[in-house]
Amino acid sequence: MALKNELSKEEFVAIFENSKSKSFAEENFINLAANNLKKYNLPTKADEEWKHTSIRKILQHKYFIGENLDLDKNQVNLFTIPGLNAYRLVFINGFYSKQFSDEILNNKGLIIKNIADAKKSNPELINKYFENTDISSENFFTSVNTAFSFDGSFISIPNNLALDKPIHIINFSDGNNKKTISQYRNLIIAGKNSNVQIVNSFHSLTVNYTLTNISTEIILEENANLNFNIFQGEGDDAFQINSTKVNQEKNSNFSSHTITLCGSIVRNDLKIEHKAENCETNLFGLYLPDREQHFDNNIFINHAKPHGTSNQIYKGIIDNKASAVFLGKVFVGKGAQKTIADQTNRNILLTQYAKVNSKPQLEIYADDVSCSHGSTTGQIDKEALFYLQSRGINRRRAEVLLLGAFISDVIDAIKVEPLKIFVNILVNNRLNGEKVDGQCAMVSGCPGCDNIE
Amino acid sequence: MAKTLISIKNLKASIEGKKILKGINLEIKEGEVHAIMGPNGSGKSTLASVLAGREIYEVTNGSVTFQGKDMLSMSPEERSREGMFLAFQYPVEIPGVSITNFMKAAVEQHREHKGLEQLTPSEFLKMMQEKKDLVEIEAKLANRAVNTGFSGGEKKKNEVFQMAMLEPKFAVLDETDSGLDIDALRIVANGVNKLKNKENAFLVITHYQRLLDYIVPDVVHVLYNGKIVKTGGKELALELEEKGYDWIKKEND
Ligand SMILES: Nc1ncnc2c1ncn2[C@@H]1O[C@H](COP(=O)(O)OP(=O)(O)OP(=O)(O)O)[C@@H](O)[C@H]1O
Ligand SMILES: [Mg+2]
């Protein structure tokens with residue numbers, strides 16, 4: 001039963017009705033999405049994929065469409081990653097901030113800009129690739145995104161180019177005294193034999209209830225190599241629904257890091273499709289919810305073709321009354337012989353109230369494959385803790401050492417070096433219970449503070 | 001006369017309601033080496049763990065006074081900083097924590113406790129090197145995660161290395177000799193002898209006389225069924241080696 005002040009599906013969709021004209025997508029896609037919306041309801045716990053994540057907390061608020069606010073230089077600088085020399089695209093509340101972005105459109109075919117303008121400058125590319133992954137048909141949120149997004153990032157790496165530096169997409173949300181919904185629609189194309197690293201970071205500028213709904217399509221052409229990093233550092237009252245769909249062509253290599261440090265309810269859908277043989281996929285995740293935060297990672301890898309490999313390592317430390325979900329499904333189709341797939345999810349609960357639902361799943365229809373999966377959820381190893389303490393290290397520091405060790409393989413695997421260093425520092429601060437100023441303004445949580453006594 | 005370093009009086013401890021230590025009395029003076037022998041399961045490691053502050057054991061009676069202070073009321077880390085050290089019979093593996101980071105944290109906290117200035121990184125590394133040399137640990141072992149994938153002998157050497165780093169006043173070596181080859185045994189024993197001085201003391205738990213050829217004890221105790229049932233000089237160890245524990249058991253059952 002819906003609460004009195006809980007948004008219904010109709011009310012939720014109505015939020016966008018007035019600004020419908022600002023949607024950038026072609027009419028046919030908008031119509032398609034609108035049709036999907038007739039079919040899809042707001043997800044509830046009755047839906048298999050939403051069994052452990054309730055969005056009712058998200059629906060308690062009356063939202064407005066995000067405003068295109070002015071950013072100032074200091075704000076932007078506060079959220080750049082130290083030492084990361086990158087092509088930057090900056091957005092606020094779903095709108096493009098040209099002023100702070102390094103727009104590129106060169107004669108060799110490299111395009112880094114906002115998608116609404118790219119649709120005008122490069123219609124042939126958008127026509128070819130938009131909805132290539134059918135993301136609009138995924139669920140309620142991707143349909144809303146397709147029907148009502150104003151803008152997002154467009155990145156096209158031409159064939160044979162190894163981009164000289166990473167791309168950093170910064171998405172700000174700013175409730176500015178209003179509860180706000182922002183949407184981003186991203187399209188990323190890595191041409192044949194290209195090589196690129198992308199970081200997409202999310203931050204809140206003010207404290208308020210905000211909902212950010214992102215849909216990202218990524219296409220890797222033959223032999224492309226793309227590394228995608230999602231860094232989630234929105235405020236304590238920020239909700240995020242982040243859907244990513246990836247199509248991989250022959251011999252391509254996709255890797256991702258999903259780092260979720262802050263937010264209220266964060267849901268990440270990551271779907272990978274091997275469209276051709278010999279694709280490689282490496283997915284890493286790290287989530288550190290505390291207090292009553294809830295972080296959910298939902299992964300689907302479709303090994304549809306032979307000789308593919310995939311590897312997932314997701315790790316979480318859950319404090320206080322926080323909760324996390326890991327739902328990872330590896331599907332190996334009939335023709336996908338010689339598939340190698342491995343899936344690991346490990347969690348440490350710091351209190352008796354912390355919760356994890358972990359469900360790695362394999363569904364295999366080919367006979368000549370090598371697949372494995374594993375999931376563990378436990379506490380800090382008491383024997384190891386005593387060993388460290390017995391050498392004079394106080395309990396708190398010993399815990400931090402052990403927790404740091406627990407997640408070190410995920411952090412070490414981050415390929416964008418400045419991001420790795422940055423995450424390391426933030427995580428360390430978090431584990432030490434320090435506020436993570438600026439980057440994570442709302443988080444003062446302290447895994448381990450009111451502990452497992 | 002040498003000062004008493006640690007004094008254990010009528011110490012009783014149990015785990016999950018099961019009585020393991022049934023009234024231990026032991027006094028160790030500065031400069032002394034004591035050995036504890038005794039059959040399997042008699043409570044030797046339990047005594048060591050209780051002294052180090054392992055919480056799973058419940059102390060039901062008795063006292064432990066260490067350099068004049070009540071040791072039982074201290075946390076494990078405080079005991080360590082006050083100069084207590086336990087070389088574990090079964091050192092745990094800690095993947096992901098390098099020995100260097102581990103020892104850095106430990107040394108820092110020890111120095112802070114003593115009010116000493118912190119070492120510079122190069123001073124610290126120099127100290128690591130000296131202590132590694134002392135127990136002839138291969139340099140690359142120190143870059144690995146604590147005990148992770150170490151052989152039995154390497155783990156034991158690593159315990160002695162940590163002891164050398166922390167320079168305790170009172171060290172309990174729980175079967176540090178078991179699993180060591182003859183060369184390693186000599187190295188470990190030499191390490192201990194180099195650390196030995198007039199102001200510290202060692203309690204060596206062992207099943208074998210051969211270690212005591214290298215580390216010569218002043219006093220040998222036999223622990224049986226949670227109690228010290230016999231105390232003698234180093235010749236007691238020889239006698240036990242020859243006769244086994246049956247006569248002790250007979251006297252006490
Ligand atoms: N965690 C535990 N739970 C239950 N019983 C325990 C536990 N730890 C020790 N004990 C019991 O306490 C007794 C003493 O064990 P302890 O390890 O102290 O013996 P020990 O003298 O060190 O033996 P060994 O020579 O084999 O090392 C044994 O009977 C053992 O089974
Ligand atoms: Mg023992």
Side-chain angles (χ1 to χ4, degrees), chain A residues 284 286 288 313-317 344-348 350 374 376 378-414 420-421 423-425 427-433 447-448 451-453, chain B residues 48-57 74-114 144-148 155 158-159 161-168 171-172 174:
Chain A
F284 296 88
L286 175 66
L288 306 178
I313 301 179
Y314 274 67
K315 288 193 174 179
I317 300 171
T344 306
N345 176 232
R346 297 198 192 293
N347 302 285
I348 288 184
L350 292 179
T376 58
Q379 273 109 42
I380 291 183
D381 179 350
K382 293 242 165 60
E383 273 203 58
L385 192 62
F386 176 67
Y387 189 81
L388 297 179
Q389 284 178 281
S390 80
R391 301 308 186 229
I393 300 171
N394 69 33
R395 183 174 174 141
R396 187 88 189 93
R397 188 153 173 194
E399 282 175 357
V400 170
L401 269 174
L402 292 175
L403 293 173
F406 169 68
I407 55 177
S408 61
D409 55 344
V410 173
I411 296 183
D412 288 347
I414 297 177
K420 182 199 299 192
I421 294 167
V423 169
N424 223 333
I425 292 169
V427 166
N428 245 306
N429 290 349
R430 268 293 286 276
L431 295 179
N432 278 304
N451 217 316
I452 11 165
E453 282 309 338
Chain B
S49 291
V50 168
L51 292 177
R54 186 86 210 255
E55 279 159 17
I56 56 170
Y57 296 96
M74 296 181 205
S75 66
E77 53 266 41
E78 283 167 337
R79 296 177 198 210
S80 167
R81 295 172 205 154
E82 289 285 334
M84 159 81 206
F85 184 90
L86 169 59
F88 288 84
Q89 183 175 2
Y90 305 109
V92 293
E93 303 197 358
I94 312 183
V97 177
S98 74
I99 294 183
T100 306
N101 277 344
F102 168 40
M103 278 296 105
K104 200 167 157 289
V107 169
E108 263 175 40
Q109 300 219 301
H110 273 251
R111 295 186 74 87
E112 190 183 309
H113 180 74
K114 295 195 179 91
R144 284 173 46 187
V146 179
N147 296 325
T148 309
K155 284 182 184 167
N158 187 29
E159 294 294 290
F161 162 70
Q162 291 171 44
M163 180 171 79
M165 288 294 289
L166 300 175
E167 298 180 335
V172 179
D174 191 357

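Chain letters run A, B, ... following the sequence lines, proteins first and then strands; every chain starts at 1.
Interface check for chain A: of the options B/N147, B/N101, B/V107, the most heavy-atom pairs under 4.5 Å are formed by B/N147. Comparing B/S75, B/P76, B/G53 by heavy-atom pairs within less than 4.5 Å of chain A, the highest count is held by B/P76. Put simply, of B/R81, B/R54, B/R79, B/H110, the one with the most heavy-atom pairs under 4.5 Å next to chain A is B/R54.
Looking at B/P91, the atoms closer than 4.5 Å to chain A (heavy atoms on both sides) sit in the backbone and in the side chain alike. For A/R397, the part lying near chain B is the side chain, with the backbone staying farther off; criterion is any non-hydrogen pair under 4.5 Å.
Not a single donor-acceptor pair under 3.5 Å links the side chain of B/Q89 to the backbone N or O of B/D174. The backbone N or O of B/V146 lies less than 3.5 Å from a partner atom in the side chain of B/T148, making a donor-acceptor pair.
Annotation: ring-ring contact (aromatic ring centres under 6.0 Å, His included) contacts of B/F102 (sequence neighbours excluded): A/Y387.
Between B/H113 and the options B/E108, B/E77, B/E82, B/E78, a side chain to side chain donor-acceptor pair (under 3.5 Å) holds for only B/E82.
Screening residues 400-412 of chain A for salt bridge (Lys or Arg N to Asp or Glu O under 4.0 Å), with sequence neighbours left out, gives A/K315-A/D409.
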